[in-house]
Amino acid sequence: MKTKKFLVLLAVLVMASILLGACQPAAETEEMVEETEEMVEETEAVVEETEEMVEETEEMVETTDETEPEYLWTQPLREAIAAAIDREVIVDRVFEGRNIPAYHMVPESYPYATEPFLDKYGTRDLDMAIQLLTDEGYTADNKFVFDLWYPPEHYGTTTADVMQVIKEQLEDTGLITVNLNSMNWAEYVDGFVAGELPFFILGWFPDFVDPDTWLSPFASCIQSPDNGVNYCNEEMDTLLTAAASSSDPAEREDLYQQIGELFAEDVPTIPLFWEPEFISYRVGVEGIKIGAPFEFMYSGLNFAEGASPASGSSDTIIIGTTDEVNSLDASDAYATHDWEIIKNTGAALLGYVPGTAELVPAAAAAMPEVSDDGLTYTFTLRDDLKFADGTAVTAQNYVDSWDRLNTLEGQVSGLVQIYVDSVEALDDLTVVYHLKDSFGFFPALAATAPFVVTNPANFIADEIVQFPEALDGIGPYRMVSHTVGEQMVLEANPEYFGEAPLIPNVIIRYFADPTTMSNAVETGEIDIAWRTLGPVESIRLMDVEGVITDKIEAPALRYMVFNHTFLVEE
């Protein structure tokens, strides 16, 4: 019975007692009033009990309503999308055959690479896509409709063309309608990290040289949210951990074969194509060395005798880019350009010989000591490490950086948390990393941006600082100014432990699109045009007098991302 009904009953009883009282002697009236009051109290008790029952029922209803959320991307839908895409056509139509179709997230040149998407879907299986969509209940009159997002300029001017071809291929099923949407890169990154984009394109370069860096960032429960995938499968996690921690090549080969097959079946992401990277620079610029780890260190750049620097001074070099700064906080940053700035203004425990994949000590005085079980890596720091503001660096700074990364849970946190269990300082110069398993590639991981120690003067402990006013790190340069979207100015770090940069000042100019940037290097407004020119502009610049264009032997992967937790819109 509803509470309202009880209140009506209560009112009736009160009225009855008043009427009876008017017709009876006083004693009887008092007695009846007492009885009525007792009845009222009993009724109130019943009302209270009923209200409690109503509340419990409402809670039960709410609990019942908390059913499993309805996600947009079912496995059959993901498979249908994968089956409908023809990479060969994309490469031929958009890039005139210059790019290479990708049938797995792992490059062909890496150990244990396979082509599971080719094995499962061929170059394209439109019939499979149509059947999967039909089984999901879609018809020509009830199509599957969704938004497909892309950044219009970040990956070069061809991205819009790639998206148009994908739209056409998916709509060839007759059961899909694709709405194309775009936004600038900074908003785009914030959008997919926040889980606001259902299906979108990204590019990827390796964090370190091992197959795991092409798989765990997209398919592990811990790392995939950092890249907007939000995929989690316990079977995949078990396989990834086993493959990453094994030291037996035969075992790793078998495990990566299984991972590839599960990846193509479950489709966390869809690899599209491998795109070569290019760098263009004015004649007279020397020292550009970019290898497989995709590191571009500015400290080795120089001007040859007779060069004509864009700035008018051989003490300053100007580098152009279409990238944007998303975050310069090493506990948060997970974009290629951000890492580039962090590594030029800082130094990880280990680094690379420029232009190669050869690991060498950087902030560490020597390569780490590894325990017999492979679970503990001990680094001895250089005894001359100082931040650019003159503050001495100790092992405790590395522990603090680890604690800060764990506390803040920035975009890059999963990259380290999946491998590292804890960090401790044995003394001022000795820092120990305890791993969750015996990951043989950990030295390469220790060369990534999260292992660049941050200056507490620039980065407070309890908050991510995406755009610090200065970067007073331990690298060859320090950042002295940054105007978002326009330019950044670096100068030589007087406290740097290594050789001083050959060119003491670096200006980074931010361009809205590759065409404007390519014109700038052609006319001598900038000395170097880097990331992202794209193949169209790069090939044009190959024929421009006074400009040299090199192809970087570290291709980028372009891939499509399903946001696995994107909910069906009501």
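Between D338 and K343, none of the side-chain N atoms (NZ, or NE/NH1/NH2) sits under 4.0 Å from a carboxylate O, so this pair counts as no salt bridge. Checked for salt-bridge contact, D421 and K436 miss the test: no charged N lies under 4.0 Å from a carboxylate O. With respect to the salt-bridge test (charged N to carboxylate O, under 4.0 angstrom), the residues E136 and R78 do not qualify. A salt bridge links D329 with R404: the closest approach of a Lys/Arg side-chain nitrogen to an acidic carboxylate oxygen falls below 4.0 angstrom. Using a 4.0 Å cut-off between charged nitrogen and carboxylate oxygen, R540 and E522 count as a salt-bridge pair.
Partners of D403 under the side-chain hydrogen bond (donor to acceptor under 3.5 Å, both in side chains) rule, at least two apart in sequence or in another chain, do not exist in this structure. With sequence neighbours excluded, no residue forms a side-chain hydrogen bond (donor to acceptor under 3.5 Å, both in side chains) with Q169.
For F441 and Y419, the ring centers are positioned less than 6.0 Å apart. Ring centroids of W530 and F294 are separated by less than 6.0 Å, placing the two rings close together. Aromatic ring centres of W185 and Y155: separated by under 6.0 Å.
Remark: the T157 side chain and the E537 side chain contain an N/O donor-acceptor pair separated by less than 3.5 Å. When only modelled atom types and interatomic distance are considered, Y334 and N326 share no side-chain donor-acceptor pair under 3.5 Å.
L77 and W73 get closest at one heavy-atom pair: CB-CE3, 4.1 Å.
Taking the six-membered ring for Trp and thresholds of 30 and 60 degrees, F192 and F200 have nearly parallel ring planes, at less than 30 degrees apart.
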